[in-house]
Enquirer: 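Here's a structure for you.
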Amino acid sequence: MKKTTILLFGVVAYTVFLAVFLYLVAFVGDVFVPYTIDAGRVPDPVALAVVVNLALVLAFGLQHSVMARTGFKAWLHRMLPASAERSVYVLVASLVLALLMWQWRPIPVTLWEATSTPGQVVGWSVFGLGFGIVLLSTWLIDHFELFGLKQSWSQFVERKPRAGQFMTPFLYRVVRHPLYLGFLLAFWGTPHMTAGHALFAAGMTAYILIAIRLEERDLVHAHGPIYARYQRDVPMILPVRRPLPR
């Protein structure tokens, strides 16, 4: 029964993540859904909107950063099986992101807008490329392990999970964090930039830069000189050097 419960929980967590991620694409793109980055609520006074939005981004960043740390994982393992830990993270992260999108206050002051067809194409292309890189990056490193399904399935079939290996497939030979690069492109890529959209993109950019530092500290601790050499040879987020050989 315990194995079945963990597997079902993993499936539920992944399903929630998938729904929230698809909503995020529409939210940032300002299309299809009732609450978007620029519409859905009656605009609040700008000062109040800025405070609320920054608080939402801060909550999102704290949840991701705290729950991703090794110490928090060790504490969680004392109460939950290791096979459920990643699914708990995925579910909580998805719910916090859903809260952010639900409570986001639009600030519909236009900062720039592409009115020509080529400008529109460029804006939407950067947006689409960003989310495409995000999805590709998850599959390059093991999509189902990243979102907890592999762990819950392994315990269900009583298969011992293999220890994680350090690998640099495809985009990971160009930059160390293609997943974050994809999010940056998706958040900043738009043919119509409003003050609210810029605030969201800037807040997420700040979180990403902080998260990279914390994440790399853990990776150096886990992989030692191998990751230190990877840091030296491959740029963090901008592809400004020749790709690392296989």
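Below, all heavy atoms of this structure are taken into account, side chains as well, without hydrogens, waters or symmetry copies.
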Enquirer: Would you compute the distance between atom OG of Ser137 and atom OH of Tyr172 and round it to the nearest 0.5 angstrom?
Expert: 4.5 Å
Enquirer: Is the backbone of Leu209 close enough, under 3.5 Å, to the side chain of Arg213 for a donor and an acceptor to pair up by distance?
Expert: no
Enquirer: Please confirm whether the ring centroid of Phe131 lies under 6.0 Å from the ring centroid of Phe21.
Expert: yes
Enquirer: Using a 4.5 Å cut-off on heavy atoms from C-beta on, say whether the side chain of Ile141 contacts that of Met167.
Expert: no
Enquirer: Under the 3.5 angstrom rule, does the side chain of His223 hit a backbone N or O of Leu219 as a donor-acceptor pair?
Expert: no
Enquirer: Quick one: are Arg173 and Val234 in side-chain contact, heavy atoms under 4.5 Å?
Expert: no
Enquirer: Can you confirm whether Asp38 sits close enough to Thr194 that some side-chain heavy atom of one is under 4.5 Å from a side-chain heavy atom of the other?
Expert: yes
Enquirer: Whether the side chain of His192 engages the backbone of Leu111 through a donor-acceptor N/O pair (distance < 3.5 Å, no angle test) should be reported.
Expert: no
Enquirer: Would you please classify the geometry between the Phe127 ring and the Trp124 ring as parallel, tilted or perpendicular, with 30° and 60° separating the classes?
Expert: perpendicular
Enquirer: So does Gln155 get a backbone contact from the side chain of Glu158, meaning a donor-acceptor N/O pair under 3.5 Å?
Expert: no
Enquirer: Would you say Val88 and Phe9 make side-chain contact, with heavy atoms under 4.5 Å?
Expert: yes
Enquirer: Show your working on side chain to side chain contact (heavy atoms under 4.5 Å, CB included) between Thr138 and Leu146 and close with a plain yes or no.
Expert: CA-CA 7 Å; Thr138 68; Leu146 183 63; 3.8 Å; yes
Enquirer: Is there a continuous path of hydrophobic side-chain contacts, each under 4.5 Å between heavy atoms, that joins Leu179 to Ile210?
Expert: no
Enquirer: Are a donor atom and an acceptor atom from the side chains of Trp188 and Thr205 found within less than 3.5 Å of each other?
Expert: yes
Enquirer: Evaluate ring-ring contact (aromatic ring centres under 6.0 Å, His included) for His77 paired with Phe72, printing each intermediate quantity in order.
Expert: CA-CA 9 Å; His77 286 171; Phe72 185 90; 9.9 Å; no
Enquirer: Given the rule that I, L, V, M, F, W and Y join up when any side-chain heavy atoms are under 4.5 Å apart, are Leu62 and Val90 in one cluster?
Expert: no
Enquirer: Rounded to the nearest 0.5 Å, what's the gap from CZ on Phe200 to CE on Met193? Could you check?
Expert: 10.5 Å
Enquirer: Ring-plane angle category for His64 and Phe60, please: parallel below 30°, perpendicular beyond 60°, tilted otherwise.
Expert: tilted
Enquirer: Please answer whether the main-chain N or O of Trp102 pairs with a side-chain N or O of Arg41 as donor and acceptor at a distance below 3.5 Å.
Expert: yes
Enquirer: Could you pull out the closest heavy-atom pair between Val16 and Ser94, with the gap in Å?
Expert: CG1-CB, 3.9 Å
Enquirer: ring-ring contact (aromatic ring centres under 6.0 Å, His included), that's the test. Do Phe17 and Tyr14 meet it? Break it down for me.
Expert: CA-CA 5 Å; Phe17 150 75; Tyr14 181 79; 5.8 Å; yes
Enquirer: Is it possible for you to say whether Leu76 and Leu214 belong to one hydrophobic cluster, with membership spreading through side-chain heavy-atom contacts below 4.5 Å?
Expert: no
Enquirer: Indicate yes or no: at least one non-hydrogen side-chain atom of His197 is less than 4.5 angstrom from one of Asp30.
Expert: no
Enquirer: For Gln151 and Glu145, test the side chains for any donor-to-acceptor distance below 3.5 angstrom and give the result as yes or no.
Expert: no
Enquirer: Nearest 0.5 Å, what's the CZ-OH distance between Phe183 and Tyr207?
Expert: 9.0 Å
Enquirer: If you take all heavy atoms of Leu238 and Val175, which pair is closest and at what distance?
Expert: C-CG1, 3.6 Å
Enquirer: Which distance, rounded to the nearest 0.5 Å, do you find between the CD1 of Ile6 and the CG of Leu80?
Expert: 8.5 Å
Enquirer: So, for Leu171 and Leu136, which heavy atoms are closest and what is the spacing to 0.1 Å?
Expert: CD1-CD2, 3.7 Å
Enquirer: How long is the straight-line distance from CG of Leu140 back to CD1 of Ile133, given to the nearest 0.5 Å?
Expert: 10.5 Å
Enquirer: Verify whether one side chain among Tyr227 and Glu216 offers a donor that lies under 3.5 Å from an acceptor in the other.
Expert: yes
Enquirer: Could you see if Leu185 belongs to whatever hydrophobic cluster contains Phe170? Use Ile, Leu, Val, Met, Phe, Trp, Tyr and a side-chain cutoff under 4.5 Å.
Expert: yes
Enquirer: Give a yes or no answer on whether the side chain of Ser152 reaches the backbone of Leu149 with a donor-acceptor pair at less than 3.5 Å.
Expert: yes
Enquirer: Checking Arg176 side chain against Tyr230 main chain: does a donor-acceptor pair fall under 3.5 Å?
Expert: no
Enquirer: Shortest non-hydrogen contact from Val57 to Met204?
Expert: CG1-N, 4.3 Å
Enquirer: Under the side chain to side chain contact (heavy atoms under 4.5 Å, CB included) rule, what do Tyr89 and Gln63 come out as? Steps first, then yes or no, please.
Expert: CA-CA 9 Å; Tyr89 176 88; Gln63 178 273 317; 4.0 Å; yes
Enquirer: Are Val66 and Met79 linked, directly or through other ILVMFWY residues, by side chains that come within less than 4.5 angstrom of each other?
Expert: yes
Enquirer: So Met101 and Tyr23, side chain to side chain contact (heavy atoms under 4.5 Å, CB included) or not? Walk me through it.
Expert: CA-CA 9 Å; Met101 293 186 290; Tyr23 196 103; 3.7 Å; yes
Enquirer: Apply the test side chain to side chain contact (heavy atoms under 4.5 Å, CB included) to residues Leu54 and Leu58: give CA-CA distance (whole Å), side-chain angles for both, the deciding distance (0.1 Å), then the verdict.
Expert: CA-CA 6 Å; Leu54 288 177; Leu58 179 62; over 6 Å; no
Enquirer: Can you name the nearest heavy-atom pair linking Val174 to Pro239, along with the distance?
Expert: CG1-CB, 3.5 Å
Enquirer: How would you list, by chain and number, every residue that makes a salt bridge (Lys or Arg N to Asp or Glu O under 4.0 Å) with Glu215, sequence neighbours excluded?
Expert: none
Enquirer: So do the side chains of Val52 and Leu56 get within less than 4.5 Å of each other, counting heavy atoms only?
Expert: yes
Enquirer: Locate the shortest heavy-atom distance separating Trp104 from Gly196; write the atom from each residue and the value.
Expert: CZ2-O, 3.3 Å
Enquirer: Look at the side chain of Arg105 and the backbone N and O of Asp44, then say whether any donor-acceptor pair between them is shorter than 3.5 Å.
Expert: no
Enquirer: How far does OG1 of Thr4 sit from CZ of Phe156, to the nearest 0.5 angstrom?
Expert: 4.5 Å
Enquirer: Give a yes or no answer on whether the side chain of Glu85 reaches the backbone of Lys73 with a donor-acceptor pair at less than 3.5 Å.
Expert: no
Enquirer: Taking the side chain as every heavy atom from C-beta outward, state whether Phe144 and Asp142 have any atom pair closer than 4.5 Å.
Expert: yes
Enquirer: When you compare the side chain of Pro108 with that of Pro43, does any pair of heavy atoms fall below 4.5 Å?
Expert: yes
